[in-house]
*Asks:* 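Structure in structure tokens, see below.
Keep in mind that this is a model prediction, so the values were computed, not measured. Numbered from 1 within each chain, the chains take letters A, B, ... in sequence-line order.
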2 protein chains.
Amino acid sequence: MSEKKAEELLKKNQLSITGGRRKILELFLQHDGALSHGDIEKKAGEKFDRVTVYRTLQAFLEKGLIHSIPTSDNSIRYALCKDECSGGQHRDDHVHFICNTCGNTICLEDVTVPAIKLPRGYVTEQVEMLVSGVCKSCNR
Amino acid sequence: MSEKKAEELLKKNQLSITGGRRKILELFLQHDGALSHGDIEKKAGEKFDRVTVYRTLQAFLEKGLIHSIPTSDNSIRYALCKDECSGGQHRDDHVHFICNTCGNTICLEDVTVPAIKLPRGYVTEQVEMLVSGVCKSCNR
DNA sequence: ATTCACTTGCAACAATGTTGCAAATATTTT
DNA sequence: AAAATATTTGCAACATTGTTGCAAGTGAAT
């Protein structure tokens with residue numbers, strides 16, 4: 001199902017289509033939330049070498065297929081960018097939510113990071129907003 | 001100079017005063033900005049075991065002497081909390097700035113993280129705001 | 001000064017991340 | 001469709017980072 005979409009995405013981003021890339025991309029497409037390197041290794045089973053996962057994520061990042069989300073536990077999460085992103089310049093201005101109950105990290109595509117005024121002398125280039133708490137699924 | 005202040009802070013937080021803790025705390029007091037585990041190891045010279053640094057940071061975190069700042073490079077930064085923090089509950093609502101030029105991470109104590117409204121179902125417990133760009137010192 | 005609790009350093013280990021290179025696979029050309 | 005070319009993969013070896021148990025050392029309390 002998501003196999004076709006994965007191939008499309010790879011093509012659109014000028015990445016050759018290989019088993020590993022397709023599989024990892026499918027994981028992102030299937031999983032509704034961000035994934036860490038470790039998550040991917042686990043979810044992919046024994047199928048791919050660790051190094052391949054590193055390099056694939058690296059490639060996806062460079063092409064703008066995914067973006068990285070900082071964390072406080074030394075395990076960066078990655079999430080798919082929206083279609084408009086893949087082109088070239090990023091439009092990655094949404095808030096990220098980390099659920100303290102289930103541990104998932106989610107892109108809140110509909111919540112835009114508010115503008116922020118810094119003291120004189122500082123230049124803003126990018127803003128990242130991380131909200132932690134209880135997510136929709138856990139909150140019932 | 002900062003030696004006395006370091007001891008005071010340790011006492012106030014019910015931590016016994018040892019060479020390592022004093023030294024690491026002094027580093028924070030002297031350095032105006034956040035430090036990673038690696039920074040501390042380097043700055044402290046060969047003086048302390050790696051494990052001691054881990055455990056010291058852990059202890060400082062638990063006592064609320066320092067807070068951690070998430071990053072996108074898998075190397076969490078730590079910074080001193082303001083005095084009011086150390087008591088018990090955190091009041092850690094300032095923006096963090098990461099300079100893309102010098103690489104420093106700085107607490108902008110005067111810039112408060114704006115409130116943010118999340119979609120129905122989400123509960124906010126903590127908000128972290130990371131701004132990257134060019135800092136005051138690099139911008140001249 | 002002695003006792004007791006806590007902290008440190010060491011050693012051993014586990015996990016995570018990096019690099020070079022030959023084999024395998026994808027893409028392009030003929 | 002097959003050959004040539006470019007890219008990607010897996011392996012091995014290694015570097016770095018983080019964790020745990022335990023004996024020795026140090027700080028704090030009696």
*Asks:* Enumerate the residue pairs fulfilling ring-ring contact (aromatic ring centres under 6.0 Å, His included) with a member in residues 95-128 of chain B, sequence neighbours excluded, ordered by first and then second residue.
*Replies:*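 Output for this query lists Phe97(A)-Tyr122(B), Tyr122(A)-Phe97(B), His67(B)-His96(B), His94(B)-His96(B).
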
*Asks:* Applying salt bridge (charged side-chain N to carboxylate O under 4.0 Å, His left out), which residue pairs with at least one partner in residues 115-138 of chain A are found, sequence neighbours left out?
*Replies:*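 As it turns out, there is no salt bridge (charged side-chain N to carboxylate O under 4.0 Å, His left out) pair with a partner in residues 115-138 of chain A once direct neighbours are skipped.
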
*Asks:* Figure out the CG/C1' separation between Leu25(B) and dT7(C), and round it to whole Å.
*Replies:*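 Rounding to the nearest Å, CG of Leu25(B) and C1' of dT7(C) are 16 Å apart.
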
*Asks:* How about Tyr78(B) and Ile69(B): do any of their side-chain heavy atoms sit closer than 4.5 Å?
*Replies:*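 They are not in side-chain contact.
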
*Asks:* Could you work out, with side-chain contact (heavy atoms from CB on, under 4.5 Å) as the rule, every residue matching Thr124(B), not counting sequence neighbours?
*Replies:*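 side-chain contact (heavy atoms from CB on, under 4.5 Å) check on Thr124(B) returns Val131(A), Leu118(B), Val127(B).
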
*Asks:* For Thr101(B), enumerate each residue passing the side-chain contact (heavy atoms from CB on, under 4.5 Å) test, keeping only those at least two apart in sequence or located in another chain.
*Replies:*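 With neighbours one apart ignored, the set is Cys99(B), Val134(B), Cys138(B).
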
*Asks:* Check whether Asn139(A) reaches the backbone of Cys135(A) with its side chain - one donor and one acceptor, N or O, closer than 3.5 Å.
*Replies:*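 Checked: no pair found.
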
*Asks:* Heavy atoms, side chains only, cut-off 4.5 Å: are Lys82(B) and Cys107(B) in contact?
*Replies:*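 In short, these two side chains do not touch, never coming nearer than 4.5 Å.
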
*Asks:* For Glu41(A), check side-chain contact (heavy atoms from CB on, under 4.5 Å) against everything at least two apart and list the hits.
*Replies:*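 By the side-chain contact (heavy atoms from CB on, under 4.5 Å) rule, Glu41(A) matches His37(A), Arg50(A), Val53(A).
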
*Asks:* Would you call Val95(B) and Thr112(B) a side-chain contact if the rule is heavy atoms closer than 4.5 Å?
*Replies:*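 No; the side chains remain at least 4.5 Å from each other.
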
*Asks:* Give the rounded distance in Å between these two atoms: NZ of Lys23(A) and C1' of dT9(D).
*Replies:*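 Value for this atom pair: 17 Å.
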
*Asks:* Specify the separation, in whole Å, of atom CD1 of Ile24(B) and atom P of dT8(C).
*Replies:*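 So the two atoms are 8 Å apart, to the nearest Å.
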
*Asks:* Closest approach of Ala59(A) and Leu15(A), non-hydrogen atoms and distance?
*Replies:*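 For Ala59(A) versus Leu15(A), the nearest heavy atoms are CB-CD2, 4.3 Å.
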
*Asks:* Show the nearest heavy-atom pair for residues Asn74(B) and Ser75(A), with the distance to one decimal.
*Replies:*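 Answer, listing the atom of Asn74(B) first, then Ser75(A): OD1-N, 3.5 Å.
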
*Asks:* In whole angstroms, how far is the P atom of dT17(D) from the CG atom of Asp39(B)?
*Replies:*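 Atom CG in Asp39(B) sits about 11 Å away from atom P in dT17(D).
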
*Asks:* Heavy atom of residues 41-55 of chain B under 4.0 Å from DNA chain D: which residues?
*Replies:*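 Of all residues in residues 41-55 of chain B, the ones placing a heavy atom under 4.0 Å from DNA chain D are Arg50(B), Val51(B), Tyr54(B), Arg55(B).
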
*Asks:* Mind jotting down which residue pairs meet the salt bridge (charged side-chain N to carboxylate O under 4.0 Å, His left out) criterion with at least one end in residues 68-79 of chain A? Sequence neighbours excluded, please.
*Replies:*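 Residue pairs passing salt bridge (charged side-chain N to carboxylate O under 4.0 Å, His left out), neighbours aside: Asp73(A)-Arg77(A).
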
*Asks:* Looking at Val111(B) and Pro119(A), what are the two nearest heavy atoms and their distance?
*Replies:*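 What the structure gives for the nearest pair is CG2-CD, 3.6 Å.
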
*Asks:* Can you give the donor-acceptor pairs under 3.5 Å from side chains of residues 18-33 of chain B to other protein atoms, not counting sequence neighbours?
*Replies:*
{"residue": "Thr18(B)", "atom": "OG1", "partner": "Arg21(B)", "partner atom": "N", "Å": "3.4"}
{"residue": "Arg21(B)", "atom": "NH1", "partner": "Ser16(B)", "partner atom": "O", "Å": "3.1"}
{"residue": "Arg21(B)", "atom": "NH1", "partner": "Ser16(B)", "partner atom": "OG", "Å": "3.3"}
{"residue": "Arg22(B)", "atom": "NH1", "partner": "Glu7(B)", "partner atom": "OE2", "Å": "2.7"}
{"residue": "Gln30(B)", "atom": "NE2", "partner": "Ser2(B)", "partner atom": "OG", "Å": "3.3"}

*Asks:* Could you write out each protein N or O paired with an N or O of nucleotides 3-5 of chain C at a distance under 3.5 Å?
*Replies:*
none

*Asks:* Return the value, rounded to whole Å, for the distance between atom CD of Gln58(B) and atom P of dG18(D).
*Replies:*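 Rounded to whole Å, this separation is 12 Å.
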
*Asks:* Starting from P on dT17(D), measure out to CZ on Arg77(B) and report it in whole angstrom.
*Replies:*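 That distance rounds to 12 Å.
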
*Asks:* Write down the protein N/O and nucleotide N/O pairs, taken from nucleotides 1-4 of chain D, whose separation is under 3.5 Å; answer none if there are no such pairs.
*Replies:*
none

*Asks:* Write down the distance between CD1 (Ile76(A)) and P (dT17(D)), rounded to a whole number of angstrom.
*Replies:*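 In whole Å, dT17(D) P and Ile76(A) CD1 are 14 Å from each other.
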
*Asks:* Please determine whether a side-chain nitrogen or oxygen atom of Asn74(A) lies at a distance below 4.0 Å from atom OP1 or OP2 of dT16(C).
*Replies:*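 Answer is no, no contact under 4.0 Å.
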
*Asks:* Minimum heavy-atom separation for Met129(A) and Pro114(B), please, with both atom names.
*Replies:*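 Between these two residues, the closest heavy atoms are CE-O, 3.7 Å.
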
*Asks:* Angle between the two end axes of the helix from dA1(C)-dT30(D) to dT30(C)-dA1(D), five base pairs per end, rounded to 10 degrees?
*Replies:*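 About 30° separates the two local helix axes.
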
*Asks:* Grab the CD-C1' distance between Glu7(A) and dA26(C) for me, whole Å please.
*Replies:*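 So the CD-C1' distance, Glu7(A) to dA26(C), works out to 12 Å.
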
*Asks:* Using a 4.5 Å cut-off on heavy atoms from C-beta on, say whether the side chain of Pro70(A) contacts that of Leu130(A).
*Replies:*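 Yes. Closest side-chain heavy atoms under 4.5 Å.
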
*Asks:* Extract from the structure each pairing of a protein N or O with an N or O of nucleotides 27-30 of chain C at less than 3.5 Å, listing the distance.
*Replies:*
{"residue": "dT27(C)", "atom": "OP1", "partner": "Ile17(A)", "partner atom": "N", "Å": "2.9"}

